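Structure first, commentary second.
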Protein chains: 2
Amino acid sequence: MQQTKRNGTEACKSAMSSVKDALYVLNGKWKLPLIIALREGPRRFNEIQKELVDITPKVLSKELRELELNEFVVRKVYHTVPVTVIYELTPYSSSVSPIIEALKEWGEQHRERIVKHRKEEPVTA
Amino acid sequence: MQQTKRNGTEACKSAMSSVKDALYVLNGKWKLPLIIALREGPRRFNEIQKELVDITPKVLSKELRELELNEFVVRKVYHTVPVTVIYELTPYSSSVSPIIEALKEWGEQHRERIVKHRKEEPVTA
DNA sequence: CTGCATCCTATAGGATACTG
DNA sequence: CAGTATCCTATAGGATGCAG
């Protein structure tokens with residue numbers, strides 16, 4: 001089976017669809033930051049909201065539900081008065097650590113790169 | 001400096017903001033798949049469109065412009081008739097490879113996990 | 001405290017048709 | 001061939017207020 005035309009190779013197609021799957025599950029602005037926050041330990045709704053700074057309760061609630069569905073997070077309810085709800089990571093959630101590390105490394109380096117570029121340029125206007 | 005309350009640690013905050021930076025640049029459905037496609041070699045607009053299957057010219061055009069801005073891609077124009085335009089990856093683009101690899105690995109494993117779960121469950125309704 | 005209900009805006013992304 | 005123009009929908013995400 002020869003590859004005369006410049007079609008995508010099988011390896012490429014496979015990589016593409018796996019990456020798409022991953023992006024589909026981890027999409028959005030908050031999923032990964034949320035997991036990062038919970039890596040510090042189990043947290044209550046309000047605590048999480050404070051750590052993520054700009055997230056509204058509605059969005060946080062939705063994100064937590066989606067993370068629960070994908071089995072990254074478990075929700076534990078304690079029948080105190082008033083009720084206490086604790087969110088904590090599952091063991092499965094640690095499977096995304098390599099992704100988080102890669103993004104973290106890259107984000108740091110990219111930021112440095114941007115800053116350096118700015119310095120090399122004359123002041124604009 | 002003691003950590004009595006359950007505030008986010010500095011390490012956590014730093015990780016979170018780096019990851020956010022990365023997500024900001026690599027956001028959307030197509031950026032990473034596009035880079036994966038171009039790893040096979042330089043491509044013309046229409047060739048890329050075919051490989052990404054479902055992308056429309058408008059969206060492809062926009063994504064390519066953004067990748068160019070972030071210096072992942074260069075656009076080369078050849079003044080043939082009709083004009084030929086080639087997109088190719090820059091050396092800098094390879095800095096995202098660890099991210100792509102991590103997502104690819106995880107996407108594969110996650111898919112397997114889902115399939116296995118399905119098998120273990122009785123048929124729904 | 002832990003969210004949900006409601007309303008709203010902005011953006012992503014798609015369909016279709018068209019131009020140099 | 002390599003896009004642009006126009007129009008459209010769906011979704012993300014935010015603001016505010018309220019309920020158990």
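Only this structure's heavy atoms are used, side chains among them; waters, hydrogens and symmetry mates stay out. Owing to the predicted nature of the structure, the values given are computational and were not obtained by experimental measurement. Residue numbering restarts at 1 for every chain, and letters A, B, ... go by the order of the sequence lines.
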Tabulate protein N/O versus nucleotide N/O from nucleotides 18-20 of chain D, keeping only pairs under 3.5 Å, one per line.
none

Identify each atom pair where a protein N or O and an N or O of nucleotides 14-16 of chain D are less than 3.5 Å apart, giving names and distance.
unit_1	atom_1	unit_2	atom_2	d
D/dG14	OP1	A/Lys29	NZ	3.1
D/dG14	O6	A/Lys58	NZ	2.1

(request) Could you check how far CZ of B/Phe45 sits from C1' of C/dG20, rounded to whole Å? (result) 15 Å

(request) Rounded to the nearest angstrom, tell me the gap between atom NZ in B/Lys76 and atom P in D/dA2. (result) 15 Å

(request) State whether a side-chain donor-acceptor pair under 3.5 Å links A/Tyr92 with B/His110. (result) yes

(message) Would the distance check show the side chain of B/Thr84 and the main-chain N or O of B/Thr80 forming a donor-acceptor pair, the cut-off being under 3.5 Å?
(response) no

(message) Rounding to an integer number of Å, can you tell me how far A/Glu66 CD sits from D/dA12 P?
(response) 7 Å

(request) Using whole Å, report how far CD1 of A/Ile48 lies from P of C/dC1. (result) 14 Å

(message) Measure CZ/B/Arg65 against C1'/D/dG3 and give the value in whole Å, please.
(response) 9 Å

(request) Compare the minimum distances between each of D/dC1, C/dT2, D/dG13 and the side chain of B/Asn46, then state the nucleotide with the smallest one. (result) D/dC1

(request) Kindly compute the distance separating CD (A/Gln109) from CD (A/Glu105), expressed to the nearest 0.5 Å. (result) 6.0 Å

(message) Between P on D/dA12 and CG on A/Leu64, what's the gap in Å once rounded to a whole number?
(response) 15 Å

(request) To the nearest Å, give me how far apart OH (A/Tyr24) and C1' (D/dT11) are. (result) 12 Å

(request) State whether A/Tyr87 places a side-chain N or O below 4.0 Å from either non-bridging phosphate oxygen (OP1 or OP2) of C/dG3. (result) yes

(request) Specify the separation, in whole Å, of atom NZ of B/Lys62 and atom P of C/dA10. (result) 16 Å

(request) For the residue pair B/Arg75 and B/Tyr87, confirm or rule out a side-chain donor-acceptor distance under 3.5 Å. (result) yes

(message) Nearest heavy atom decides the nucleotide; on that basis, is B/Ser61 or A/Gly28 closer to the 5' end of DNA chain D?
(response) B/Ser61

(message) With a cut-off of less than 4.0 Å, is there a side-chain N or O of A/Arg44 near OP1 or OP2 of C/dC1?
(response) no

